[in-house]
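Here's the structure, in structure tokens; my notes come after.
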Amino acid sequence: MDKLYLNVKAVPAFDTEFLQEHTAFTVFHYNGKNLQTASGWTLKDAIELFSKLYSYHREDLGVKRPFASQH
């Protein structure tokens, strides 16, 4: 299988436990007409969740750079 490169959005967030600004990550891919997406506090978490949700091997996933910012 060829490597699947995911789009990444860096999303500004606020951690209410530690009262600090934080960046969360959303990874996504359009599979035909369907949008596949997963989010996490870290980019690693988002990619691992995407892998589990959509049954991809983690080593078959990469990310497109530069990341898109959430507006």
Side-chain angles (χ1 to χ4, degrees):
M1 175 177 175
D2 291 333
K3 197 164 210 158
L4 176 66
Y5 286 92
L6 304 172
N7 295 292
V8 178
K9 282 199 178 193
V11 182
F14 190 79
D15 186 329
T16 56
E17 183 177 343
F18 296 104
L19 303 177
Q20 295 178 347
E21 291 182 3
H22 184 71
T23 301
F25 294 90
T26 297
V27 294
F28 62 98
H29 170 72
Y30 289 99
N31 185 5
K33 293 182 179 180
N34 298 318
L35 175 64
Q36 297 176 325
T37 183
S39 298
W41 278 115
T42 67
L43 181 55
K44 180 181 175 185
D45 290 344
I47 294 169
E48 288 177 357
L49 179 59
F50 187 95
S51 173
K52 288 178 186 176
L53 289 174
Y54 302 107
S55 301
Y56 288 98
H57 292 286
R58 172 59 187 95
E59 55 275 357
D60 292 332
L61 299 174
V63 294
K64 292 182 181 179
R65 295 184 186 266
F67 302 155
S69 292
Q70 181 77 22
H71 296 287

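A46 and S39 make their closest contact through CB-C, 3.9 Å (heavy atoms, listed as atom of the first residue, atom of the second, distance). When all heavy atoms are compared, the tightest approach of L53 to A38 is CD1-CB, 4.2 Å.
Residues forming a side chain to side chain contact (heavy atoms under 4.5 Å, CB included) with N34 (at least two apart in sequence, or on another chain): none. Residues that satisfy the ring pair (Phe, Tyr, Trp, His ring centres under 6.0 Å) test with Y5, not counting sequence neighbours, are absent from this structure.
Taking NZ from K64 and CG from L4, the interatomic distance works out to 8.5 Å, rounded to the nearest 0.5 Å. A distance of 8.0 Å separates OG1 of T37 from CZ of F50, quoted to the nearest 0.5 Å. Note that NZ of K52 is 11.5 Å distant from CZ of R58, once rounded to the nearest 0.5 Å. The OG1 atom of T23 sits 11.5 Å away from atom CG of D15, with the distance rounded to the nearest 0.5 Å.
Within 6.0 Å of atom CD in E21, 12 or fewer heavy atoms from other residues, nucleotides or ligands are found, so the atom counts as exposed in its surroundings.
Taking the six-membered ring where tryptophan is involved, the planes of F28 and Y30 are perpendicular, since the angle between them exceeds 60° and thus also 30°.
Here the side chains of Y56 and L6 are not in contact, with every heavy-atom distance at 4.5 Å or above.
The cluster map of Ile, Leu, Val, Met, Phe, Trp and Tyr, joined by side-chain heavy atoms under 4.5 Å apart, puts W41 and I47 in different clusters.
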